[in-house]
Visitor: 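Here it is: the structure, laid out below.
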Amino acid sequence: QVQLVESGGGLVQPGGSLRLSCAASGFTLDYYAIGWFRQAPGKEREGVSCISSSDGSTYYADSVKGRFTISRDNAKNTVYLQMNSLKPEDTAVYYCAARATKDRGWGSLDDLRYDYWGQGTQVTVSS
């Protein structure tokens, strides 16, 4: 059974940091591009960051560039999203998603391009 499980969310003060994890089971992440998305109340889901399956290419939304870092540990079958300098506007439910691809360097912040989704983890940035 293919499953993605996010963890690491929580309540943090503005300027703080969190590290989200996306653990895969039922399949090997080596051949999948992984994306992180978020959805705030009343807003559409938006792409935050993604990492390719092959060469580790990374992509970021302008709103998080320089603050968030995506990485993967294929040995642990896990992808991480390190979030620093958090702002109240980063408050949302964060989801990871996977897409099987052999295309070198492929990455997309379009949620329609992904096949498998986790259940999400809440991130709240507030003082």
Side-chain angles (χ1 to χ4, degrees):
Q1 181 181 359
V2 172
Q3 192 173 16
L4 293 171
V5 179
E6 302 96 335
S7 62
L11 173 64
V12 63
Q13 292 186 342
S17 298
L18 283 174
R19 188 178 79 158
L20 305 184
S21 299
C22 173
S25 61
F27 67 105
T28 303
L29 277 182
D30 300 42
Y31 307 108
Y32 287 77
I34 304 298
W36 280 99
F37 298 82
R38 66 186 182 187
Q39 188 166 23
K43 294 187 177 181
E44 291 187 353
R45 187 163 57 191
E46 64 170 337
V48 174
S49 181
C50 60
I51 187 166
S52 71
S53 63
S54 55
D55 60 3
S57 296
T58 58
Y59 306 86
Y60 297 93
D62 288 343
S63 59
V64 306
K65 205 170 290 184
R67 300 188 297 122
F68 291 11
T69 303
I70 190 171
S71 62
R72 63 191 303 152
D73 185 338
N74 287 348
K76 295 183 177 180
N77 224 27
T78 300
V79 172
Y80 303 98
L81 184 68
Q82 178 67 43
M83 305 187 297
N84 298 328
S85 302
L86 283 162
K87 305 175 181 180
E89 51 263 44
D90 294 318
T91 295
V93 178
Y94 283 70
Y95 302 88
C96 64
R99 174 189 169 100
T101 176
K102 296 181 180 179
D103 295 339
R104 186 172 182 83
W106 185 91
S108 175
L109 297 182
D110 179 353
D111 58 355
L112 296 178
R113 306 292 297 275
Y114 290 82
D115 303 310
Y116 303 105
W117 289 83
Q119 82 291 345
T121 186
Q122 176 71 46
V123 172
T124 303
V125 185
S126 175
S127 55

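Just so you know, residue 1 is the first one in the sequence shown, and it goes up from there. As the structure is a computational prediction, the values presented were derived from the model and not from experiment.
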Visitor: Between Val79 and Phe37, is there a shared hydrophobic cluster once you connect ILVMFWY residues whose side-chain heavy atoms come closer than 4.5 Å?
Guide: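 Not linked; separate clusters.
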
Visitor: Let me confirm one number: the CD-OG distance from Gln13 to Ser127, rounded to the nearest 0.5 Å.
Guide: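 Those atoms lie 7.0 Å apart.
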
Visitor: Under the side chain to side chain contact (heavy atoms under 4.5 Å, CB included) criterion, do Thr69 and Leu81 qualify, and how do the steps go?
Guide: CA-CA 6 Å; Thr69 303; Leu81 184 68; over 6 Å; no

Visitor: Taking atom CD as the centre, does Glu89 end up with more than 12 heavy-atom neighbours from other residues, nucleotides or ligands that are less than 6.0 angstrom away?
Guide: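 It does: Glu89 CD has more than 12 such atoms within range.
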
Visitor: Would you check if Glu6 and Gln119 make a side-chain contact, meaning some heavy-atom pair closer than 4.5 Å?
Guide: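 They are in side-chain contact.
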
Visitor: Using a 3.5 Å distance criterion without hydrogens, assess whether the side chain of Ser85 forms a donor-acceptor pair with backbone atoms of Gly15.
Guide: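 Here the side-chain-to-backbone pair does not exist.
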
Visitor: Could you tell me whether Arg45 and Asp111 have a side-chain N and a carboxylate O separated by less than 4.0 Å?
Guide: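 Asp111 and Arg45: salt-bridged.
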
Visitor: With side chains defined as the heavy atoms from C-beta onward, is the minimum distance between Arg113 and Trp106 less than 4.5 Å?
Guide: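 A side-chain contact under 4.5 Å exists here.
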
Visitor: For Asp90 and Arg67, which heavy atoms make the closest approach, and how far apart are they?
Guide: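 Closest approach of Asp90 to Arg67, heavy atoms only: OD2-NH1, 2.7 Å.
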
Visitor: For the atom pair OG (Ser52) and CZ (Arg104), what is the distance rounded to the nearest 0.5 Å?
Guide: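 It is 8.0 Å, given to the nearest 0.5 Å.
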
Visitor: Would you call Leu20 and Val123 a side-chain contact if the rule is heavy atoms closer than 4.5 Å?
Guide: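 Yes, their side chains come closer than 4.5 Å.
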
Visitor: If I take atom CD1 from residue Ile51 and atom CD1 from residue Ile34, how far apart are they, to the nearest 0.5 angstrom?
Guide: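 Taking CD1 in Ile51 and CD1 in Ile34, the distance rounds to 9.0 Å.
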
Visitor: Classify the ring geometry between Tyr95 and Trp117 as parallel (under 30°), tilted (30 to 60°) or perpendicular (over 60°).
Guide: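 Correct class here is perpendicular.
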
Visitor: If you round to the nearest 0.5 Å, how far is CG of Asn77 from SG of Cys22?
Guide: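 Cys22 SG to Asn77 CG: 9.5 Å, rounded to 0.5 Å.
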
Visitor: Should Val125 and Val64 be counted in the same cluster of Ile, Leu, Val, Met, Phe, Trp and Tyr side chains packed under 4.5 Å apart?
Guide: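 They do share one cluster, since a chain of ILVMFWY contacts under 4.5 Å joins Val125 to Val64.
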
Visitor: Would you call Lys65 and Asp62 a salt bridge, using N to O less than 4.0 angstrom?
Guide: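 A salt bridge links Lys65 with Asp62.
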
Visitor: Which heavy-atom pair separates Ala24 from Leu4 by the least distance, and what is that distance?
Guide: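 In this case the closest contact between Ala24 and Leu4 is CB-CD2, 3.8 Å.
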
Visitor: Rounded to the nearest 0.5 Å, what separation is found between the CG atom of Leu29 and the CG atom of Asp73?
Guide: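 Output value for this atom pair is 10.0 Å.
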
Visitor: Check Leu109 against Ala61 and note the closest heavy-atom contact, atom names and distance.
Guide: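 Scanning both residues completely, I find the closest heavy atoms to be CD1-N, 3.7 Å.
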
Visitor: Can the ring centres of Trp36 and Phe68 be said to be less than 6.0 Å apart?
Guide: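 That pair fails the under 6.0 Å test.
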
Visitor: Is it true that the side chains of Asp55 and Ser57 contain a donor and an acceptor less than 3.5 Å apart?
Guide: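 Checked: Asp55/Ser57 side chains pair up, N/O donor to acceptor below 3.5 Å.
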
Visitor: Indicate yes or no: at least one non-hydrogen side-chain atom of Tyr59 is less than 4.5 angstrom from one of Ile70.
Guide: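 No; the side chains remain at least 4.5 Å from each other.
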
Visitor: Between Tyr114 and Arg99, is there a cation-pi geometry (under 6.0 Å to ring centre, at most 45° from the normal)?
Guide: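 Not satisfied by the 6.0 Å and 45° rule.
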
Visitor: Are any non-hydrogen side-chain atoms of Val93 and Thr121 less than 4.5 angstrom apart?
Guide: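 No; the side chains remain at least 4.5 Å from each other.
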
Visitor: Are Ser126 and Leu11 side-chain neighbours, meaning at least one heavy-atom pair lies under 4.5 Å?
Guide: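 Result yes, sub-4.5 Å side-chain heavy-atom pair found.
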
Visitor: Does atom OH of Tyr116 have more than 12 heavy-atom neighbours, drawn from other residues, nucleotides or ligands, at distances under 6.0 Å?
Guide: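 Open.
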
Visitor: Just how far is it from atom CE of Met83 to atom OG of Ser17, taken to the nearest 0.5 Å?
Guide: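 With rounding to 0.5 Å, CE (Met83) is 8.5 Å from OG (Ser17).
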
Visitor: Is it true that Tyr32 and Phe27 have ring centroids separated by less than 6.0 Å?
Guide: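 Yes: the rings meet the under 6.0 Å criterion.
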
Visitor: For the pair Cys50 and Thr58, evaluate side chain to side chain contact (heavy atoms under 4.5 Å, CB included) and give the outcome as yes or no after the intermediate values.
Guide: CA-CA 6 Å; Cys50 60; Thr58 58; over 6 Å; no

Visitor: Is there a donor-acceptor pair closer than 3.5 Å between any side-chain N or O of Thr28 and the backbone N or O of Asp30?
Guide: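 Judged by distance alone, no pair lies under 3.5 Å.
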
Visitor: Just wondering, do Ser63 and Arg38 contact through their side chains at under 4.5 Å, heavy atoms?
Guide: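 In contact.
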
